[in-house]
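Everything below concerns the one structure shown next.
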Number of protein chains: 2
Amino acid sequence: MFSKACEYGIRAAVYIALQSLEGRRVSVNEIAEEIDSPIAFTAKILQQLSRNNVIHSVKGPTGGFEIERTDMETVKLNLIVKAIDGDQIYVGCGLGLKECDADKPCPLHDKFVDIRTDLRHMLESTSLYELATGLEVGLTYLKR
Amino acid sequence: MFSKACEYGIRAAVYIALQSLEGRRVSVNEIAEEIDSPIAFTAKILQQLSRNNVIHSVKGPTGGFEIERTDMETVKLNLIVKAIDGDQIYVGCGLGLKECDADKPCPLHDKFVDIRTDLRHMLESTSLYELATGLEVGLTYLKR
DNA sequence: TATTAATCGGACAAAAATGTCCTTTATTTA
DNA sequence: TAAATAAAGGACATTTTTGTCCGATTAATA
Ligand code: FES
Ligand code: FES
């Protein structure tokens with residue numbers, strides 16, 4: 001469904017949000033440890049998210065990654081997915097035709113669009129804050 | 001969502017079903033031409049589908065691929081997807097945790113499972129016959 | 001029976017995704 | 001001001017996916 005990079009990106013962003021709620025700024029090393037992801041690869045993904053203003057980075061000692069409280073409510077998952085995986089999942093044809101076009105649809109078009117629309121709505125309506133608070137309460141996990 | 005191999009596999013199976021309805025057996029070359037896919041790669045995928053009894057192959061002159069009329073009604077898309085992509089899309093965690101486990105869920109679990117379940121039901125209820133007849137009527141396309 | 005047409009299967013090649021390493025840059029603090 | 005710390009970024013390595021090539025096998029037909 002999502003690329004590995006995107007999965008790490010979402011998990012990392014949720015972890016950063018969680019720690020930002022506590023006023024803590026976190027390093028790549030801590031993030032990778034807490035979400036069980038490869039450090040250097042995670043660093044690349046965090047750069048992407050930073051460039052796309054999903055998270056905020058600070059260089060130097062006491063530096064690290066954080067998310068403003070207001071951002072973590074306005075930033076929805078679709079922003080992260082688009083930043084990392086692009087928009088193929090939102091606009092691409094389920095059977096791989098060059099474009100998804102309702103005027104010349106593939107055999108699966110109608111049924112596929114239903115699913116894709118649900119997925120899009122879900123991603124557009126889910127904020128980092130919502131996911132982080134579930135974590136905070138101890139109901140959900142970022143690694144196993 | 002699906003791998004390229006799986007996309008080609010579904011398109012190929014639908015085309016074979018369509019031609020089998022006309023009593024025609026089709027070659028890899030014709031299939032690849034009609035669904036706009038790489039010939040040799042398509043051949044590999046057809047082998048997989050043949051081994052998994054999704055389609056039937058016949059060697060030698062006048063040979064090719066076909067699907068029994070009864071099979072094309074009982075074979076649902078989930079069989080093709082499982083044969084080619086495995087079952088990660090059915091059982092995997094949306095955020096990439098080692099397993100998806102409702103007892104120790106990732107932050108996205110509930111929302112992701114809803115989508116995944118819809119997708120699974122769609123694939124389990126859609127037959128090749130259904131997709132092929134849409135094509136036959138000229139409402140849908142396998143290439144663009 | 002020889003030729004031909006088709007899939008099968010294995011080895012290989014190319015491209016994309018995933019992952020690593022190392023140097024540079026910015027910033028804090030001693 | 002020097003040392004230490006942390007992200008940024010570029011080059012490189014590995015793995016997976018996608019795609020190609022070619023000889024072996026099977027079966028129809030002249
Ligand atoms: S054309 Fe295939 S999903 Fe729309
Ligand atoms: S645990 Fe992540 S989707 Fe179920």
Side-chain angles (χ1 to χ4, degrees), chain A residues 1-13 15-16 19-20 24-33 35-67 81 83-86 88-89 92 95-96, chain B residues 1-13 15-16 19-20 24-33 35-67 81 83-86 88-89 92 95-96:
Chain A
M1 184 82 77
F2 306 124
S3 68
K4 278 286 161 199
C6 192
E7 292 173 354
Y8 296 148
I10 295 174
R11 303 221 302 270
Y15 181 74
I16 295 167
Q19 294 304 315
S20 289
R24 294 188 63 234
R25 202 178 269 165
V26 289
S27 70
V28 176
N29 288 277
E30 176 179 340
I31 295 168
E33 168 68 25
I35 72 173
D36 190 24
S37 66
I39 299 179
F41 192 44
T42 304
K44 295 287 174 190
I45 298 160
L46 292 174
Q47 281 178 42
Q48 274 190 275
L49 294 182
S50 184
R51 277 194 294 267
N52 282 275
N53 300 308
V54 171
I55 60 183
H56 181 228
S57 76
V58 178
K59 278 183 168 184
T62 77
F65 296 91
E66 63 192 2
I67 305 183
V81 172
I84 300 176
D85 281 352
Q88 265 307 102
I89 203 167
L95 294 188
Chain B
M1 184 81 77
F2 306 123
S3 69
K4 277 286 160 198
C6 193
E7 291 174 354
Y8 295 148
I10 295 174
R11 303 220 305 267
Y15 181 74
I16 295 167
Q19 294 304 316
S20 288
R24 295 189 62 236
R25 202 179 271 165
V26 289
S27 70
V28 176
N29 288 277
E30 176 179 341
I31 295 168
E33 167 68 23
I35 71 173
D36 190 24
S37 67
I39 299 178
F41 191 44
T42 304
K44 295 287 173 186
I45 297 160
L46 292 174
Q47 281 179 44
Q48 273 190 276
L49 294 182
S50 183
R51 276 195 294 269
N52 282 276
N53 301 308
V54 170
I55 59 183
H56 181 228
S57 75
V58 178
K59 278 183 168 184
T62 78
F65 297 90
E66 62 193 2
I67 305 183
V81 173
I84 300 177
D85 281 352
Q88 265 307 103
I89 203 168
L95 295 188

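Just so we're on the same page: letters track the sequence lines, and every chain starts at 1.
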| said: Just N and O in the side chain of Q47(A): are any of them under 4.0 Å from OP1 or OP2 of dA7(D)? | reply: no
| said: Can you tell me if Y8(B) touches the phosphate of dT18(D), counting only side-chain N or O atoms and a distance under 4.0 Å to OP1 or OP2? | reply: no
| message | Strictly below 4.0 Å: does R25(B) bring a side-chain N or O up to OP1 or OP2 of dA6(C)? | response | no
| query | Between dG9(D) atom P and Q48(A) atom CD, what is the distance in whole Å? | reply | 11 Å
| message | Nearest to the side chain of A5(A), heavy atoms from C-beta on, is which of dT18(C), dT7(C), dG19(D)? | response | dT18(C)
| query | Of the candidate nucleotides dG19(D), dA7(D), dT28(C), which contains the atom at the shortest distance from the side chain of T62(A)? | reply | dT28(C)
| task | Would you check if K44(A) and Q48(A) make a side-chain contact, meaning some heavy-atom pair closer than 4.5 Å? | result | no
| Could you state the NZ-P distance from K44(B) to dC12(C), rounded to the nearest angstrom? | 13 Å
| Separation of atom NZ in K59(A) from atom P in dT24(C), rounded to whole Å | 13 Å
| Heavy-atom distance under 4.5 Å between the side chains of Y15(A) and E30(A), does that happen here? | yes
| pair Y8(A)-I84(A): side-chain heavy atoms closer than 4.5 Å | no
| request: Indicate whether OP1 or OP2 belonging to dT7(C) is found under 4.0 Å from a side-chain N or O atom of S50(B). | output: no
